[in-house]
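One-based numbering, in listed order, for ligands and for the atoms of each. The model shown is predicted, which means the values in this text are computed figures rather than measured ones. These numbers come from the heavy atoms of this one structure, side chains and all, not from hydrogens, waters or symmetry mates.
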Amino acid sequence: MRNFSAYIFDLDGVLCHTDQFHFAAWAMLAKRLEIPFDASVNDRLRGVSRMESLDIVLGEKKNAYTTEQKKAFAEEKNAIYRGYLQTMTPADLDEDVRSTLLKLRADGHKLAVGSSSKNAPLILECIGLGSFFDAVADGTQIAHSKPDPEVFLLAAKLLDVKPDDALVVEDAEAGIQAAKAGGFYAAGIGPAADSTRADFRLQKLSDLLKAPV
Ligand code: G6P
Ligand code: MG
């Protein structure tokens, strides 16, 4: 893998694993609304903003509610989700992730987070990375979520690097698309490890260190 000035990491599914919390929180809302919900629906929410996720969860009922009702549903899900997030501690940071970040930092690379999540600051704080990154671009700072490149372009701007000097690491196909649309190199991991759009495919984060970086 070539040398990149900067690395921009997606959060959920790359630096930590909040999938099961999203799943449990959406499942509670769906149950209350008597809407079918399973892991295959949850898989489609990866990298997608909260309100867009709600529409996917509501499915054919997405036009059956007012905007106010939908906002309340999203807040209800988020309150449950944040309750789960607060159980996370620095022990929930994988050793492979921790050591890879430290090595990249020691080698002088700029490091950022690019996440669609409005909960990114809370998650980073809980897992002990609250003040680790050179920049954090998250769902509170953008108008368009992935596959739009806005969040990664913001991260690059905050780092003062050009997109083609940066590698985006993503677990969501929407995130790989966003990276490529922004002119970045993209590495897929987890569910995106077999993405045909990705420039690199990782089994684990430390694969970034395999070649000289
Ligand atoms: C990440 C997750 C998505 C989630 C989105 C918004 O991209 O992969 O599943 O919908 O963040 O998260 P939020 O914490 O703002 O509800
Ligand atoms: Mg993700």
Side-chain angles (χ1 to χ4, degrees), residues 7-30 37-59 62 70-88 92-94 97 112-127 129 133 136-152 154-155 167-180 182 184 186-195 197-198 201-202 204-205:
Y7 291 78
I8 303 173
F9 300 93
D10 172 51
L11 181 58
D12 293 331
V14 173
L15 299 179
C16 65
H17 298 283
T18 52
D19 250 30
Q20 74 278 17
F21 298 151
H22 280 295
F23 181 79
W26 283 124
M28 278 181 80
L29 177 71
F37 180 75
D38 60 22
S40 70
V41 181
N42 197 57
D43 283 347
R44 291 167 52 210
L45 311 180
R46 214 165 269 132
V48 177
S49 75
R50 193 180 309 162
M51 292 311 287
E52 287 165 326
S53 296
L54 176 64
D55 274 350
I56 294 172
V57 171
L58 294 177
K62 74 172 182 185
K70 292 216 262 188
K71 272 192 196 153
F73 293 158
E75 275 166 28
E76 182 180 335
K77 180 266 172 178
N78 194 47
I80 302 166
Y81 177 60
R82 283 177 72 92
Y84 290 126
L85 289 182
Q86 272 148 5
T87 67
M88 292 175 82
D92 290 300
L93 185 66
D94 287 350
V97 172
V113 168
S115 168
S116 303
S117 174
K118 295 183 174 175
N119 291 300
L122 170 66
I123 297 170
L124 289 170
E125 199 60 48
C126 287
I127 60 176
L129 294 177
F133 289 95
V136 175
D138 67 39
T140 63
Q141 298 156 282
I142 54 165
H144 308 286
S145 74
K146 303 166 190 176
D148 190 286
E150 186 178 356
V151 78
F152 295 136
L154 175 61
L167 178 70
V168 167
V169 186
E170 259 293 346
D171 72 315
E173 191 58 35
I176 299 284
Q177 284 180 41
K180 297 313 297 173
F184 296 86
I189 193 167
D194 54 3
S195 168
R197 289 189 180 91
R201 282 160 272 282
L202 312 175
K204 52 188 191 311
L205 207 65

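No N or O atom of Tyr81 sits closer than 3.5 Å to an N or O atom of ligand 1. Backbone and side-chain nitrogen or oxygen atoms of Arg50 are examined, and one is located within less than 3.5 angstrom of a nitrogen or oxygen of ligand 1. When only interatomic distances are considered, the shortest N/O to N/O separation between Ser53 and ligand 1 falls below 3.5 Å. Polar contact with ligand 1: present for Ser117 (N/O pair, distance under 3.5 Å).
Using a 3.5 Å distance cut-off with no hydrogens or angles, the side chains of Ser115 and Asp10 do not pair a donor with an acceptor. Side-chain atoms of Asn119 and Asp138 form no donor-acceptor pair, as typed in the model, at a separation below 3.5 Å.
A heavy-atom distance below 4.5 Å is not found between the side chains of Met51 and Phe73.
No part of Lys146 comes within 4.0 Å of ligand 1, judged by heavy-atom distances.
A parallel orientation is assigned to the rings of His22 and Tyr81, their planes being inclined by less than 30° (bins at 30° and 60°).
In this structure, Glu173 does not pair ionically with Arg46, as no charged nitrogen and carboxylate oxygen lie closer than 4.0 Å.
Between the O atom of Asp12 and the OD2 atom of Asp10, the angle centred on the Mg ion (ligand 2) amounts to 90° when rounded to 10°.
Closest to atom 2 (C) of ligand 1 among all protein heavy atoms lies Asp12 OD2, 3.3 Å. Among protein heavy atoms, atom 4 (C) of ligand 1 sits closest to Val48 O, 3.1 Å. The nearest heavy-atom contact from the protein to atom 9 (O) of ligand 1 is Leu45 O, 2.8 Å.
Counting non-hydrogen atoms of neighbouring residues, nucleotides and ligands closer than 6.0 angstrom, the NZ atom of Lys118 reaches no more than 12 such neighbours.
Listed here is the closest heavy atom pair of Asp12 and Ser117: OD2-CB, 4.1 Å.
The backbone N or O of Ile56 lies less than 3.5 Å from no partner atom in the side chain of Arg44, so there is not a single donor-acceptor pair. Lys204 places no side-chain N or O within donor-acceptor distance of the main-chain N or O of Ile189, the cut-off being under 3.5 Å.
Heavy atoms of Gly47 come nearer than 4.0 angstrom to ligand 1 in at least one pair. Ligand 1 lies out of reach of Ser115, whose nearest heavy atom is not under 4.0 Å from it.
Applying the 4.0 Å criterion to heavy atoms of Lys118 picks out, from ligand 1, the atoms 13 (P), 14 (O), 15 (O).
Looking at Asp171 and the Mg ion (ligand 2) together, the shortest N, O or S contact belongs to OD1.
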